[in-house]
2 protein chains.
Amino acid sequence: METRELRYFVAVAEESHVGRAARRLGMAQPPLSRAIAQLERRLGADLFVRGPRGVTLTSAGETLLREGRVALAAVEAAERRTRRTVEAAGRASVVLTAKAGASSELMAKLLDAFAAEPDAVDVEVVLSPPGHQAPMLRDGRADVAILHLPFDDVSGFDVDRLVVEDQVLILPAGHPASARESMTVGEATSIPDLPLPRWPHVDGSYPDGPGPELRDLTQVLQLVRLGRTALVLPESARAGLRDGLAVVPLTDAPQVTTVIAWPPHSTSTGVAGLVRTAARL
Amino acid sequence: METRELRYFVAVAEESHVGRAARRLGMAQPPLSRAIAQLERRLGADLFVRGPRGVTLTSAGETLLREGRVALAAVEAAERRTRRTVEAAGRASVVLTAKAGASSELMAKLLDAFAAEPDAVDVEVVLSPPGHQAPMLRDGRADVAILHLPFDDVSGFDVDRLVVEDQVLILPAGHPASARESMTVGEATSIPDLPLPRWPHVDGSYPDGPGPELRDLTQVLQLVRLGRTALVLPESARAGLRDGLAVVPLTDAPQVTTVIAWPPHSTSTGVAGLVRTAARL
DNA sequence: CTGCCCTCATACCGGCGAGGTATCGGGGCG
DNA sequence: CGCCCCGATACCTCGCCGGTATGAGGGCAG
């Protein structure tokens with residue numbers, strides 16, 4: 001099976017529509033139809049059922065979509081990491097990705113400590129939106145990542161736990177609820193005039209709901225100050241807060257575990273050193 | 001990057017010789033040379049240095065070999081699991097792989113317990129030589145595996161620990177050393193008339209050394225009975241031993257952890273059920 | 001019931017590129 | 001110095017990928 005076939009298949013599966021997939025791939029519909037049919041013949045399996053309003057996946061197709069995405073990410077990772085090897089020729093370097101606006105204190109400590117190591121290498125820090133770190137690690141855009149359980153999917157990675165912490169509710173300083181000693185998640189989500197913001201999915205779309213669409217943390221903290229929303233964050237985020245905000249501990253929120261994660265077959269000395277440094281913090 | 005190019009590259013890297021790789025791939029040497037050159041151009045990286053006695057990998061080439069093998073295994077896994085989905089249409093089934101001759105008692109308990117579950121499915125058991133289980137899981141020939149730490153590489157898999165046990169030395173019943181209460185690994189490996197057997201590598205070759213080449217467990221136990229060799233095994237192996245053998249605990253051997261492992265993105269109900277059953281043993 | 005539309009499949013054609021054969025260049029080694 | 005081994009280059013052929021034109025079949029409206 002060639003990666004070209006796999007890319008075609010994934011496009012059709014995601015669009016549920018051969019014509020749209022062809023447009024997305026920048027090609028005509030007939031060759032795409034033929035490529036899919038040929039793939040089905042070679043695999044000896046129907047991947048789609050053709051309907052009058054498009055196509056839908058069979059169970060074999062669902063398997064191939066799930067496994068194929070992993071395989072494509074692995075091929076992309078191989079390609080990207082090879083390119084990076086030659087770019088980084090001589091001076092080794094490492095790409096570290098983390099959620100924008102999160103764990104900045106931890107990151108600063110980590111980078112400082114690593115820079116002081118004898119085997120330190122350049123660290124390129126890529127801050128990206130929530131949920132993008134794990135995919136970047138999978139397809140080779142990053143070599144190491146700071147992830148947060150239970151939100152990020154770390155399956156397939158090696159990880160070291162760094163911090164386990166409770167979550168707190170951030171809300172406007174003057175708000176009646178800010179006087180509370182503590183709160184449950186149920187109470188926090190049902191404060192009538194403070195709808196929690198909506199986080200974007202990985203594809204950029206937003207779930208439905210009353211809260212504002214969250215794009216960037218400082219912007220949302222501004223909205224909290226203005227009394228328009230509230231926010232659930234790990235308690236370490238308190239350190240970065242400015243005036244106008246109150247903090248109430250949540251008693252039953254799941255604990256957040258911050259981990260450092262890397263691809264299991266990584267052999268980069270930079271990654272190894274960074275992980276070792278992180279474990280000592 | 002296409003999987004065809006990757007396969008070509010891996011073949012050349014493994015042979016360190018374009019002509020031999022071409023023969024292995026069933027093609028002529030010039031198109032292979034050209035394909036590699038084209039891959040290098042597209043990646044913008046030299047993958048090999050050409051020498052008069054063949055080729056050797058550059059550091060970029062080493063990266064691509066390491067990552068490319070993972071990627072190829074992922075593509076093969078996608079293909080194989082898709083084929084298996086259609087073969088297994090209707091009655092779900094699971095392929096479980098384990099080391100031949102090991103953990104038979106555990107396996108029997110697991111399979112019996114799972115068969116009694118309400119959501120039981122067919123389990124095809126594939127017994128294979130030591131070290132072959134993890135690769136089979138990686139490239140889709142198996143859905144679940146019984147692995148043994150620290151020998152097997154479980155990176156990239158989800159695992160549940162099943163048993164942790166010490167190792168023992170198995171030796172002929174009449175041998176002077178069989179009277180010992182316990183022994184260290186150093187002592188065990190230096191019994192002059194009992195060289196430990198050599199285990200094959202994954203590629204089928206054997207390391208150098210004085211001991212017999214180990215192929216299958218019962219055969220080697222026969223050799224132990226005949227006073228030709230001794231054997232280090234997890235203590236659970238005592239259960240399957242017959243007469244003529246003595247057992248001496250090893251005090252400083254690493255503990256062996258038996259785990260059940262599966263690919264992280266597995267969604268098979270059979271795998272899930274098997275893992276759940278194993279966790280309850 | 002009929003005709004239109006939407007969507008995927010089939011038919012046919014042209015060009016790129018993968019693979020084959022023949023041959024060259026260049027570095028060890030006798 | 002000449003031979004041999006190994007990879008690179010030159011050149012050709014043909015398979016297959018992608019494009020355009022058109023067919024087939026199932027909903028849905030009038």
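Atoms considered below: every heavy atom in the structure, side chains included; atoms not considered: hydrogens, waters and symmetry mates. Keep in mind that what you see is a predicted model, and the values were worked out from it rather than measured.
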Check: Is B:Arg84 reaching over with its side chain to a backbone N or O of B:Asp143, donor-acceptor style, under 3.5 angstrom?
Finding: no
Item checked: Side-chain N,O (B:Arg4) to OP1/OP2 (C:dG19) below 4.0 Å -> yes
Note to self: In whole Å, I'd like the distance from the CG atom of A:Leu39 to the P atom of D:dC17.
What the structure shows: 12 Å
Margin query: If I compare all heavy atoms of B:Gln29 with all of B:Val18, which pair ends up nearest, and what's the gap?
Written below: CG-CG1, 3.9 Å
Next item on the list: Sugar-phosphate means primed atoms, P, OP1 and OP2; the rest is base. With that split, encode nucleotides 4-11 of chain D 5' to 3' as B, S or - using protein heavy atoms under 4.0 Å.
Entry: --SBBB-B
Notebook entry, point to check: Which is true for B:Phe48 with a 4.0 Å heavy-atom rule: it touches a base, it touches only sugar-phosphate, or it touches nothing?
Noted result: nothing
Note to self: Salt bridge or not between A:Glu15 and A:Arg24? Use side-chain N to carboxylate O under 4.0 Å.
What the structure shows: yes
Check: Starting at CZ of A:Arg41 and ending at C1' of C:dA9, how long is that distance when rounded to a whole Å?
Finding: 12 Å
Next item on the list: Verify the contact: side-chain N or O of B:Gln38 to OP1 or OP2 of C:dA18, cut-off strictly under 4.0 Å; return yes or no.
Entry: yes
Notebook entry, point to check: Looking at residues at least two apart in the chain, or sitting in another chain, which of them share a salt bridge (charged side-chain N to carboxylate O under 4.0 Å, His left out) with A:Arg66?
Noted result: none
Notebook entry, point to check: A:Arg42 CZ to D:dC16 P: how many Å, rounded?
Noted result: 9 Å
Margin query: Determine whether a donor-acceptor pair (N or O, by modelled atom type, separation under 3.5 Å) exists between the side chain of A:Ser128 and the backbone of A:Gln133.
Written below: no
Check: How many Å lie between CG on A:Asp46 and P on C:dA9, as a whole number?
Finding: 11 Å
Item checked: Rounded distance in Å - CG (B:Leu25) to P (C:dG20) -> 10 Å
Next item on the list: May I have the distance from B:Glu2 (atom CD) to C:dG17 (atom P), rounded to whole angstrom?
Entry: 13 Å
Checklist line | Whether A:Arg50 side chain and A:Phe48 backbone form a donor-acceptor pair below 3.5 Å | finding: yes
Checklist line | Whole angstrom value for the distance that separates C1' of C:dC16 from CE of A:Met27 | finding: 15 Å
